[in-house]
There are 2 protein chains.
Amino acid sequence: MPERGMLIVLSGPSGVGKGTVRQAMLADDFRDFQYSVSMTTRQMRPGEVDGQDYYFRTKTEFESEIANGGMLEYAKYVDNYYGTPLKYVNQTLDEGRDVLLEIEVKGAMQVREKCPDGVFIFLTPPDLAELKQRLTNRGTDDAATIDKRIKTASEEIAMMENYDYAVVNDKVSLAVDRIEKIIESEHLRVPRVIDRYKGMLKHADQV
Amino acid sequence: MPERGMLIVLSGPSGVGKGTVRQAMLADDFRDFQYSVSMTTRQMRPGEVDGQDYYFRTKTEFESEIANGGMLEYAKYVDNYYGTPLKYVNQTLDEGRDVLLEIEVKGAMQVREKCPDGVFIFLTPPDLAELKQRLTNRGTDDAATIDKRIKTASEEIAMMENYDYAVVNDKVSLAVDRIEKIIESEHLRVPRVIDRYKGMLKHADQV
């Protein structure tokens, strides 16, 4: 049986560029991993392909998946369901391949509860990393804008605390680079490899 | 005050090539870090420089450092003391620079107790990773050799469990590559960066 794959969860505040980073990762000739296609009840748009962009399902079908415990995470936005079907994720992990989820923050927290050994990456907007400099440039922003910035930043930092890694999306290629290093490095973590070594020893004893 | 540096501990069974990997890391034009020079009571050898290869001290001086709590870790081998002076490590970390220690397994465990937020990297011999294949090549080793191999491997795996990462030293340049990825990636861990973000927010409030 192959070593189980690693679950990688890419998330972050809306508008941070999760989708673009995910697409760049898929386009990159990086180590083998599988992007987990989401399930949705929203209408298919022109050019979209079922099973590739999304699994398009009816509301009844989606709710029956939920009822059967078939969703790793899901949420409802503007009257439509979006979520990650558990089946494909588990199949791929069992085959020994890494799975990449690119999901909203609420969904990521549901996954964290079910898969604590996943790797949770928070993509941060560059203006969060530059907040201090931006605000120190007095005179460029009025008080209301500054207040709003601080409030948004506080919320984003509060989200970040539930993740393993914080990656700034200052430039897509740089963000992808950082994420790939995280993935490579996580594959070297002792809790992930120790069973392989112990397994070898067990087999060795039987020689 | 700059963000505190990260303590990186490179260790592993004796003979695994820790020194060679450390030298290759220092020769590499990688991100800024400081190698922590060890202190010893052994004789200086021709070509060695005090403060560069080691801090060379008398037995009395070394024992007084121990008594004053000045050693991060130390051990006695063949009647000589070897250890890491705490002062230089702390100074460098306080300056915001990473510190690399290359030490024996026993010393690494002393450091783990004092600095649980360090990054502990276990360098593994390639024959540990290949143990199964090697032993499966029946006929090439006699029973005593196989027994010895299994015993050594068990001990090495037991050591590995106390570390964060396991890096195979199959080729020095590859091992260095892996370690550099680990260091980059550890710098993105939320517990290491969250205070910086929170600090920004605090300053932002005071704008």
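Lettering of chains follows the sequences in order, A, B, ..., and the numbering in each one begins at 1.
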Problem - NZ (B:K76) with more than 12 external heavy atoms under 6.0 Å - result: yes
Problem - Over 12 non-hydrogen atoms of neighbours within 6.0 angstrom of OH in B:Y81 - result: yes
Problem - Selection from A:V168, A:I183, A:I157 maximising heavy-atom pairs under 4.5 Å formed with chain B - result: A:I157
Problem - Under 4.5 Å from a heavy atom of chain A, the part of B:E184 involved - result: side chain
Problem - Atom CG of B:D79 with >12 non-hydrogen neighbours under 6.0 angstrom - result: no
Handout entry: Minimum heavy-atom distance B:Y197-A:T124, with the two atoms named
Key = OH-OG1, 3.7 Å
Handout entry: Minimum side-chain heavy-atom gap B:Y165-A:V193 below 4.5 Å
Key = no
Problem - Atom pair CD1/OH of A:I194 and B:Y163 - distance to nearest 0.5 Å - result: 12.0 Å
Practice task
To the nearest 0.5 Å, tell me how far B:L188 CG sits from A:I121 CD1.
Solution key: 9.0 Å
Exercise for the section: Count the heavy atoms of every other residue, nucleotide or ligand shown that sit under 6.0 Å from NZ of A:K114, and state whether that count exceeds 12. Expected result: yes
Problem - Pairwise side-chain contact, A:R178 with B:H187, heavy-atom cut-off 4.5 Å (strictly under) - result: no
Practice task
Could you tell me whether A:K148 atom NZ has more than 12 heavy atoms of other residues or ligands within 6.0 Å of it?
Solution key: no
Handout entry: Residue pair A:K198 / B:E161, side-chain heavy-atom distance below 4.5 Å
Key = yes
Handout entry: Among A:E156, A:E186, A:R196, A:M160, residue most engaged with chain B (heavy-atom pairs, under 4.5 Å)
Key = A:M160
Fill in the blank from the handout: Rounded to the nearest 0.5 angstrom, the CZ-OG distance for B:R189 and A:S185 is 8.0 Å
Practice task
Check the pair B:F120 / A:V190 against side-chain contact (heavy atoms from CB on, under 4.5 Å), numbers first and verdict last.
Solution key: CA-CA 10 Å; B:F120 291 78; A:V190 168; over 6 Å; no
